[in-house]
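Along the sequence shown, residues carry numbers from 1.
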Amino acid sequence: MNIGELARRTGCSARSIRHYEKAGLLAPNRRANGYRDFDADAVSRVIQVAHFIRQGFALMDISTFPPCMLREVTTAICPRALELHLARLAELDQQLRTLSERRERLARALGANVRSVRVIK
C-alpha cells in the first residue's frame with residue numbers, strides 16, 4: 001500500500017509516517033517508480049508507534065523496543081515492555097515532582113508581592 005493509504009488506515013499523517021521511517025521504525029519497499037510500498041504489518045506498527053508517542057516515549061526510545069512491543073495492538077504486554085513502561089512512569093513521576101517544586105518556589109518568591117508585580121505589555 002502507498003503512504004496515503006497507510007495514513008488513511010492508521011489516522012496518522014503521511015508526514016509522521018515519513019518521520020517514523022527516517023527513525024528506522026518502518027522499512028517500506030520501493031516500487032519501480034520510487035514510491036513507498038508498505039506491507040500490511042505496517043498498519044499495526046504505525047498505530048503502535050503513535051500509541052507510544054502519546055505515552056511520552058521518544059522515537060529514539062521506541063527504536064530500541066523489542067519486536068514484541070511493535071508487532072500488534074494488544075492489551076497483553078511482554079516482560080521487556082512492562083519494564084520499559086515502568087521506567088518511563090518513574091521518569092514522568094520525577095518530572096512532576098521537579099515541576100511541582102519549581103512551581104512552589106516561584107509561588108513563594110512571588111508571595112505577597114503578587115499584587116505589586118506590574119505586567120509589561
Side-chain angles (χ1 to χ4, degrees):
M1 84 188 80
N2 65 27
I3 196 165
E5 176 67 12
L6 182 58
R8 188 186 65 71
R9 289 187 187 188
T10 61
C12 290
S13 68
R15 182 176 180 217
S16 292
I17 293 169
R18 285 187 203 98
H19 194 60
Y20 302 164
E21 179 187 359
K22 187 175 180 181
L25 295 166
L26 294 169
N29 295 313
R30 293 285 179 161
R31 296 179 181 161
N33 61 7
Y35 288 9
R36 291 168 180 84
D37 186 27
F38 294 93
D39 60 24
D41 291 341
V43 172
S44 61
R45 191 171 188 92
V46 168
I47 290 170
Q48 284 293 83
V49 169
H51 169 77
F52 290 131
I53 289 170
R54 285 190 306 275
Q55 289 184 337
F57 290 99
L59 287 178
M60 182 182 287
D61 298 327
I62 298 167
S63 68
T64 66
F65 287 177
C68 67
M69 291 179 71
L70 297 170
R71 205 170 297 131
E72 63 182 290
V73 179
T74 179
T75 56
I77 190 164
C78 62
R80 179 69 178 131
L82 178 60
E83 180 182 316
L84 291 167
H85 279 75
L86 291 173
R88 182 64 184 139
L89 189 59
E91 288 173 19
L92 290 171
D93 286 341
Q94 180 56 50
Q95 289 173 356
L96 285 170
R97 283 190 295 275
T98 300
L99 286 172
S100 180
E101 290 167 4
R102 288 179 184 169
R103 185 193 180 289
E104 284 300 313
R105 281 194 300 271
L106 181 57
R108 276 195 309 272
L110 290 173
N113 297 326
V114 172
R115 291 188 183 106
S116 64
V117 174
R118 287 186 309 145
V119 178
I120 300 172
K121 295 182 183 180

Taking the six-membered ring for Trp and the single ring otherwise, decide whether the centroids of His51 and Phe57 are under 6.0 Å apart.
no
If you round to the nearest 0.5 Å, how far is OH of Tyr20 from OG1 of Thr10?
8.0 Å
Tell me if a side-chain donor or acceptor on Arg31 pairs with a main-chain N or O of Asp37 at a distance below 3.5 Å.
no
If I take atom CD from residue Glu101 and atom CD from residue Glu104, how far apart are they, to the nearest 0.5 angstrom?
9.5 Å
What's the separation between atom CD1 in Ile17 and atom CD1 in Ile3, rounded to the nearest 0.5 Å?
5.0 Å
Quick check on Arg30: does its CZ atom have over 12 non-hydrogen neighbours (other residues, nucleotides or ligands) under 6.0 Å away?
yes
Taking every heavy atom of Arg36 against every heavy atom of Pro28, the minimum-distance pair comes out as CG-CG, 4.0 Å
Look only at the side chain of Ser100 and the backbone of Leu96, and say whether a donor-acceptor pair between them is shorter than 3.5 Å.
no
Main-chain N/O of Ala42 paired to Asp39 side chain as donor or acceptor, under 3.5 Å:
yes
Tell me whether His85 at atom NE2 has more than 12 heavy atoms from other residues, nucleotides or ligands lying less than 6.0 Å away.
yes
Out of curiosity, Arg15 CZ to His19 NE2, how far, rounded to the nearest 0.5 Å?
8.5 Å
Can Glu21 and Arg18 be counted as an ion pair, charged N to O under 4.0 angstrom?
no
Can you name the closest pair of heavy atoms from Ala14 and Ala7 and give their distance?
N-CB, 4.0 Å
Ignoring hydrogens and geometry beyond distance, is a side-chain donor-acceptor pair present between Gln48 and Arg45 at under 3.5 Å?
no
CD-CG distance between Gln55 and Leu84, expressed to the nearest 0.5 angstrom:
11.0 Å
For atom CZ of Arg97, is the number of surrounding heavy atoms from other residues, nucleotides or ligands below 6.0 Å larger than 12?
yes
Taking every heavy atom of Ser63 against every heavy atom of Leu25, the minimum-distance pair comes out as CA-CD2, 3.5 Å
